[in-house]
Every structure is written in structure tokens, then in C-alpha cells.
Amino acid sequence: MSSSTFCSMPFTVNGNLKLVQWGNVIYSSNKLAAYQPLKLAAARKLLDEIAKRTRGSVADLQITECADGGNFGNSNAIDDLFGESVMDCVCNHMDEQYIIDQLRYCSSEGILELGELYHALTIKTGIWFNKFVATALVNMYAKCGQIDNGKMIFDRMSCIDVASCNSMICGYVSNGMLSEAFAFFIEMCYLDIVPNHYTYSILLSACGASTAVKEGKQLHAQIVKLKFMALTAVVNSALTMYSKFGMIEEAENLFQGLAERNIISWTAFISGLYHQKAFNKALAQFCLMRKNNLEPNEYTFSVALSCAASVQYHDYGRALHAQVIKHGIISMVFVGTAIIDMYSKCAEPSGARKQLEEMGGMASCASWNAVIIGLVRNDEVAAALEVFHKMLNNDIACDEYTFSATLKACSLLPSLAICRQVHSRVVKGKFGTNLHVASSLIETYAQCGNSEDAEKAFYLTSTPDVVTFNAMIGAYSQYGYPTKAKFLFEKMVEKRILPTSFTFLAVISACSHCGSVQQGREFFESMTRNYGILPEEKHYSCMVDLLSRSGQLENALEFINKLPNEPSAAIWRPFLAGCRYHGTLEMAELAASKILEHEPGDASVYVTLSNMYVEAGKLSDALKQRALMKSKSMQKEPGCSWLEVNAKIHRFFSGDRRHIDTPKVYYKLENLMQKIQTDYYNLAKTSLLNPEVGQVTEEKCLFHSERLAVCFGLLNLPKGTTIRVFKNIRICLDCHTTMKHISKITNRDIIIRDNYRFHHFKQGCCSCGDFW
DNA sequence: CTAGGGTTAG
């Protein structure tokens, strides 16, 4: 093989890779504009080295700061490759080891452009004949994502050995081509090249990256046989592999058996524990490591921060933050993001935002995401949208996590207008078919009261997964489309997608809404029988709802009595709703007492009972409930301004309800709602993503406040009272919860009649199950 | 020529 062989490759000196000399500095011309400061620094390093080796004989060596390309195009030197004087210097002074070192640097930093330049240099100087240099080239291309070029060099090598093969295998693994890696391993064995401990290290990590448990175990057996177990790096690979498989006992055995544990061993084990959700144990190991005088690095801190975040050890998280600063690694993106995540999960979103600001331009998309998600988690929905807006303004590329989190914020508001705006960004970024984003879209449109768009988002996904199905089935169930919900469930089974516990909750609830008791029961039974899913309290509660709502109160009571655990308020509440609907006072009294045992401050129980007494003509009992409620309830949740409002209204209207001055009620409520409306209007206005799109006009008074519902409940207005319900607000007056989804009813007056039940609405309340 | 890390959806 001669150097002309190389010249036929895509990277010839005169071909695609244009090397230019400018001020005696060699650049790769077509990549120059893309040079980051890091790469410029690498070029400078090369220059310094040349200067050193030529002992300054190239007098006019200087680097020109032209990271942006500058007036580079004007240089006459563009096609003037390697000026003679420089080439002489380079040829005389660049030895193999230097090139190998530089190529290694390019590999670790992933600087393909500079690597290509060195490649050209090796051809020009002829040192690519050296097999160490060639191996370094293979490695460089493989690490820079150009595995094909690596393979081309490998195929042209006159003498391959285990090291060059390892480079190839490693290249395949790091490019996610696992089957190619294994095939190459087998091929090298055929060629009688004996794999060494490096080979096994690489392959073990490849197994960990896939789910090749069987192969991993075989490799483990081989490293034992080959006596590689004394080598920390090899055992570290195996340890990491078992951690990734979730086989934490195996990982622990390997870890305990290690004669010498380095920082990688500890980090691998701690992170294995983290993924097993053994957070406390992971943190204990972290402390133990520190006791053994091993200094954590950025990897170790990241995982320790994640553990602290998961168990919400706020103080420990802060201490870790301080340690990270002390170790001088605060500017590393991964650690910074882990710190943001820690503050987000420890309910200190302000700390998260502060860290994001500290990171400035270094912050990655994940860093921004972590802040947004933290704000959403802590109910700072408007702030979350604000951060998203800022992210767009700063031209940070959004990913599926960003959209999921932002859409979640929209669904909590809920605001259809903002949801639509985010959706437009989703489409623009081509994320519409991403399953995470699609699921979020379905959920958000459903919460914003737009079932058609939820449906559209669903049918745009070509291969919906379990979450997507769940979101859509949940939406159908919530919207009172049991037939559609059941249809989709069957489709899901047809497609061999295993339903989850949520799926069953949604379909049983759908059955409950359309009175299909038998079918609901069948779903409930098949859940455990056919899918091995154990019912949770939610499912039991849903079943009680199914039975009670259809009037099978005896069966419901029997069902409750057979429950494996002591029935909680969540079980008795739907039962009470059923009693209320079917007017069975004695059972209602039982349910009420059970609920109050668990939750003595639940005002809705008193209201319900009081209403039932009124209906039954037991006015004194009704008043007794009122008095009880007045003395006991609504004292919880200190600092909540809504409760103060509630209390005021309560005081205002306490006494004999039959003499309520209706216009005053109207006026008071109107004022109250106007205030809320203004708040939400301002909120929506400030968080508008694209101000040029227009003002918020359509849905300025969307809101979602359970506490408002409590206000209504406390009022307990008499028959015939008219309340003007603002657009899109629906509140169940029986259980006092706001309907989570917003109806399309606009500016319609609701007449409170027939004991607060609104039969002319077809949808049921998601909490108490009452049809309105 | 080898080993370790962060954020989602019902």
C-alpha cells in the first residue's frame, strides 16, 4: 500500500479536505467558520507545538483570531496547500507519538475537523504507515461518528492487531451498532486475533447498552476464566453492565469483590443503586466513598444530586451543591443540570432558576427543561410558560421534553389558546408524531375542553403506544364517550399493546358513566385475571362508583366490606354520592360518618347530608349539619387566600338560608368571579407566547379552582336561584370540585334547580360522579 | 484500544 491508496479516499489533500495555510497556520478551510473556541485552542496548540519543535525557526507564526471566518475568503492562500517551508518543518519535526497524542485529543473531544487535518498530515509525512498511527486514526474517526471512514483505514492497514480491532469494536459500540460490534468480535476470533481485556471491557459495556443479558453473562464467565477479574477496569465494565440490567445483587458482588475500587467503580455502583431507586443506600455508599478518601468527580456528584433530589433531601442537596462549587466543577453542564433538577424536585424552583441563570449560555436544553418541569411541579404554571418563552427567545432548541412539560403547564391552566400556540411550535419543530409529545397534546387538549383536537392528535400518531392509548381512552372516558373508550381499548388489545392500571381505571370509569355495570365488573376482573394487574385504591373507588351510581347500593356496600384494606374516604365518597343520587338517607349517614372519621374537615359531607335532610323534610337535622360544618370545617390549609374568601362568604350567608337576598348573592359572586377572571386574564396575557398572534380574547376567564367550588357549596343556594356561570366554568355543586375539563358551553346561565342537580348537562362530574 | 452521568407523557 502506498500513500496513493489514501489519496483515493474521500479525504485527500487536494480533495474534499482543503487544508490551507494562512499566516503559517493550517486550517481545514471548509470547517473554519464552524470553529468553536475549543477548536481554535486546539489549532493554537498545534501551532505552539510546531514553534517549539522548530525552535522558533518559523519566524512569523501567529494565529489570527478569526473564529467567525473573518476575511478568510480573501486570503490568497486558500488553495495554496502546505507552503514549502512549513511542510519542511512539519515533516522534520512531527513524530509519530506527537500525532498519536493529537489524534487521541481529537477523539476524546470529538473534533473531527482537526482530526481530518492530522489525517492529511500523516499522509503528507508518510507516517500513516505506522500501525499505531493508523490505529489512532481508526479510533479518531470512530469516536467522531465516522465509523465508515475508520473501517476504510482499518481495511487498508497492512498489519492489524488486537488494538486496531478493539478500536473498530469500540467504534461500532459508541455509534450504537451493537450487532456489528459482535459480528466484528467473532470475525477477529476467526482471524486468530486473541481478544484482550480491553476487548472484553468494550463488549461488556456493549451488552449493558443493549439488553444482551445472556451474552453479558457469557462474557462474564470468560473474563473469570481468562483471569481478568483482577483488572479494575474490566470488572467496572461488568459492574456497570449488571447495574444497567437491574441485576443489582450481581453488581454488588462484583463491587464488593474488587481489590481496588477507583472512582469509576464507586460511581458505577452508586448509579446502579440510583436506577434501582435505592436512593438512601446510594447516598450511604457515597458517604462511605468519601470516608475512604476518594474525591467525587462530576459524574459522582451528578448521581448523588439525583439521589438527593429523588428523596427530597433538600439540605443534603444544598450541601452537595456547595461541594460542587468547592471542587470547581460547577460550570460543567451535567452537574449544573443535576443541581437544577435537585432544586426542582425539592420544591425550590427559585433555586433552579438561579442555577440556570448562573449557567448562562452553557445551559443545555435539558437544563431548561428541568427548570420548566420544576416550575410545573410546584404549580408555578405561569412562570413555567415564561421560562419556555425565554427559551424560545434565546434560540435554545426545544426537544420532546420541553414540549411535554410546557403542554402540561397549559393543561394545568388550562388554556386552549396557549396550548394551540405551543402546538404550532410542536408542528414547526416536527415533534407532532413523537409519542411523548402526542400524548401530552391529547391530554392537554382534553383538559382544555377540546376533544376533537385531542382525537386529531391521537390519529396523527402512526404507532400509538400504551401511554398514547391511555391518554385518549382517558379523554373519552372523561368526556362521557364510553363506547369510544371501549372501542379504543379493544383496538389496543388487538395491537397487542398491554393495558396498564390506568387503562382499566379509564374504561371502568367509562362504564360507570354509561351504567354498564356488568361490563365494568368484567373489566375489573379481567384486570387481575388476564393481565396480572393488582387493583389499587383508585380502582376500588371506581368500582364503588360504578355500583353506587347505578343504584346497586347493597352490592356496593358488600364490595366495600370485602376490600382487603380498611376503606378510606376515597372509597366512601362515591358511595355517598350514590346514596345522594338515589336518596337512601340511612346509608348516606353511614358513609358520611366514615368519611368524617378519615377527613373531619370535609365540608362537602355536611353539605350533602344537609341537602338530603332538606329533601327528606328533616329541617332541624339539616340545620344541625350546617352548624357542625360551621364549627369544624374550612380551618385547614393556612395561608390560603381562597379560604379567607370562603370564610367571609360563609359568615355573610350563615343563618337562615331561606332569607337570602338573592340579588346580593348574585352581586357578591359576580364580584368574586370578576376578580378571578381578571387574575387569570392577566396570567394568560403575560404568558402569551406570540404576542403578535393577538390578544387573549376567546377564553379570558378560564380557570380551575376547587376552592371556588367550595364557595358555591358553602352558599348552598335555594331552588330557583340563578347564577351566571362564566364561560367554561363548571362546578359540581354536590362534591364541590371544578370540572377538570371545560365544557363548550359559553355565557350560559345555569339555573340551580331540583336540588342542585343539572340534568341538562350530559357529562358527569369527575369526582362525585353526578350527572349534571 | 477499556469502564461512570442529568430532564418526559396517563
Side-chain angles (χ1 to χ4, degrees), chain A residues 104 107 132 135-136 138-139 142-143 161-171 173 195-206 208 228 231-241 243-244 262-272 274-275 297-306 309 332-342 344-345 352 364-374 376 399-408 411 434-444 446 465-475 477-478 500-503 505-506:
Chain A
R104 193 175 290 158
S107 307
F132 296 103
T135 301
V138 171
N139 197 42
K143 285 279 166 63
D161 60 3
V162 62
S164 46
C165 288
N166 286 345
S167 285
M168 279 308 298
I169 297 177
C170 187
V173 174
N196 61 9
H197 61 281
Y198 284 98
T199 324
Y200 283 100
S201 243
I202 301 163
L203 286 174
L204 282 163
S205 98
F228 288 152
L231 301 168
T232 304
V234 180
V235 181
N236 283 350
S237 299
L239 164 59
T240 308
M241 178 190 75
S243 292
K244 286 190 177 159
N262 60 19
I263 185 67
I264 293 172
S265 326
W266 284 94
T267 311
F269 183 48
I270 294 172
S271 113
Y274 167 71
H275 286 292
N297 60 17
E298 67 269 29
Y299 293 91
T300 330
F301 274 124
S302 288
V303 69
L305 279 160
S306 301
M332 309 201 93
V333 187
F334 276 110
V335 188
T337 306
I339 289 170
I340 291 177
D341 182 46
M342 183 273 295
S344 289
K345 287 196 177 131
S364 70
C365 173
S367 320
W368 287 84
N369 292 348
V371 172
I372 296 176
I373 291 158
V376 171
D399 64 3
E400 63 264 43
Y401 290 85
T402 324
F403 289 121
S404 271
T406 309
L407 286 168
K408 179 83 186 168
S411 80
N434 175 285
L435 286 183
H436 289 144
V437 178
S439 303
S440 303
L441 275 173
I442 296 167
E443 159 77 5
T444 308
D465 73 345
V466 57
V467 181
T468 325
F469 266 107
N470 281 353
M472 199 60 232
I473 293 176
S477 170
Q478 196 181 329
T500 63
S501 111
F502 179 87
T503 325
L505 196 63

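Below, chain A is the first sequence line, B the second, and so on; all start at residue 1.
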Which of these nucleotides, B:dG5, B:dG6, B:dA3, is closest to any side-chain atom of A:Asp341?
B:dG6
Look at all strands and tell whether A:Ser265 reaches a base, only sugar-phosphate, or nothing, counting heavy atoms closer than 4.0 Å.
nothing
Compare the aromatic ring of A:Tyr198 with the six-membered base ring of B:dT2 and state whether they stack according to the 5.5 Å and 30° rule.
no
With sugar-phosphate meaning primed atoms plus P, OP1 and OP2, does A:Val303 contact a base, only sugar-phosphate, or nothing at under 4.0 Å between heavy atoms?
nothing
Taking B:dG4, B:dT7, B:dC1 as options, the one with an atom nearest any side-chain atom of A:Thr267 is B:dG4
Contact under 4.0 Å: A:Lys143 side-chain N or O vs B:dC1 OP1/OP2:
no
Stacking between B:dG5 and A:Phe334, yes or no? Criterion: centroid separation under 5.5 angstrom, plane angle under 30 degrees.
no
Is there a side-chain polar atom (N or O) of A:His275 under 4.0 Å from OP1 or OP2 of B:dG4?
no
At under 4.0 Å between heavy atoms, what does A:Thr199 touch on the DNA or RNA strands: base, sugar-phosphate, or nothing?
nothing
Quick one: label A:Ser344 by what it contacts on the DNA or RNA (base, sugar-phosphate, nothing), any heavy atom closer than 4.0 Å.
nothing
Please classify the nucleic acid contact of A:Ala233 as base, sugar-phosphate, or nothing, using heavy-atom distances under 4.0 Å.
base
Pick the closest DNA chain B nucleotide for A:Val467 and for A:Asn139 by heavy atoms, then say which residue is nearer the 5' end.
A:Asn139
Polar side-chain atom of A:Ser439 near backbone of A:Leu435 as donor-acceptor pair, under 3.5 Å
yes
Under 4.0 Å, counting only non-hydrogen atoms across every strand here, what does A:Ile264 touch: a base, just sugar-phosphate, or nothing?
base
Can you figure out which of B:dG5, B:dT7, B:dG6 approaches the side chain of A:Glu298 most closely?
B:dG5
Please classify the nucleic acid contact of A:Asp399 as base, sugar-phosphate, or nothing, using heavy-atom distances under 4.0 Å.
nothing
Between A:Thr444 (side chain) and A:Leu407 (backbone), is there a donor-acceptor pair under 3.5 Å?
yes
Would you mind classifying the nucleic acid contact of A:Tyr274 as base, sugar-phosphate or nothing, using non-hydrogen atoms under 4.0 angstrom?
sugar-phosphate
Rounding to an integer number of Å, can you tell me how far A:Ile270 CD1 sits from B:dG4 P?
15 Å
Just checking, is any N or O donor in the side chain of A:Ser364 or A:Ser367 under 3.5 Å from an acceptor N or O on the other one?
yes
Can you tell me which nucleotide in B:dC1, B:dT7, B:dA3 comes closest to the side chain of A:Lys345?
B:dT7
Of the listed nucleotides (B:dA3, B:dT2, B:dG5), which one gets closest to any side-chain atom of A:Asn236?
B:dA3
Taking only side-chain nitrogens and oxygens of A:Lys244, does any of them come within less than 4.0 Å of OP1 or OP2 of B:dG4?
yes
Measure from CD1 on A:Ile373 to P on B:dA9 and round the result to the nearest Å.
7 Å
Atom-pair distance (CZ on A:Phe228; C1' on B:dT2), nearest Å
11 Å
Look at the side chain of A:Thr406 and the backbone N and O of A:Phe403, then say whether any donor-acceptor pair between them is shorter than 3.5 Å.
no
To the nearest Å, give me how far apart CG (A:Leu203) and C1' (B:dA3) are.
13 Å
Is the phosphate of B:dC1, meaning OP1 or OP2, less than 4.0 Å from a side-chain N or O of A:Thr135?
no
Closest to side chain of A:Ser167, choosing from B:dG4, B:dA3, B:dC1
B:dC1
Has the side chain of A:Asn297 got a donor or acceptor that lies under 3.5 Å from a partner of the other kind on the base of B:dG4?
yes
In this structure, how many angstroms lie between the P atom of B:dA3 and the CG atom of A:Asn166, rounded?
11 Å
Any N or O donor-acceptor pair linking the side chain of A:Thr337 to the base of B:dG5 at under 3.5 Å?
no
Send over the distance from A:Ile263 CD1 to B:dG4 C1', rounded to a whole Å.
9 Å
Length of the CE-C1' vector between A:Met241 and B:dA3, whole Å
12 Å
Which pair of non-hydrogen atoms, one from A:Val162 and one from A:Pro195, has the smallest distance, and what is that distance?
CG2-CA, 4.1 Å
With sugar-phosphate meaning primed atoms plus P, OP1 and OP2, does A:Thr240 contact a base, only sugar-phosphate, or nothing at under 4.0 Å between heavy atoms?
sugar-phosphate
Do you know which two heavy atoms are closest between A:Leu204 and A:Val234, and how far apart they sit?
CD1-O, 3.9 Å
What is the distance, to the nearest angstrom, from the CD atom on A:Glu400 to the C1' atom on B:dT7?
10 Å
In sequence, state the C-alpha distance, the side-chain angles, and the governing distance for A:Ser205 and A:Ser237, and then conclude on side-chain hydrogen bond (donor to acceptor under 3.5 Å, both in side chains).
CA-CA 6 Å; A:Ser205 98; A:Ser237 299; over 6 Å; no
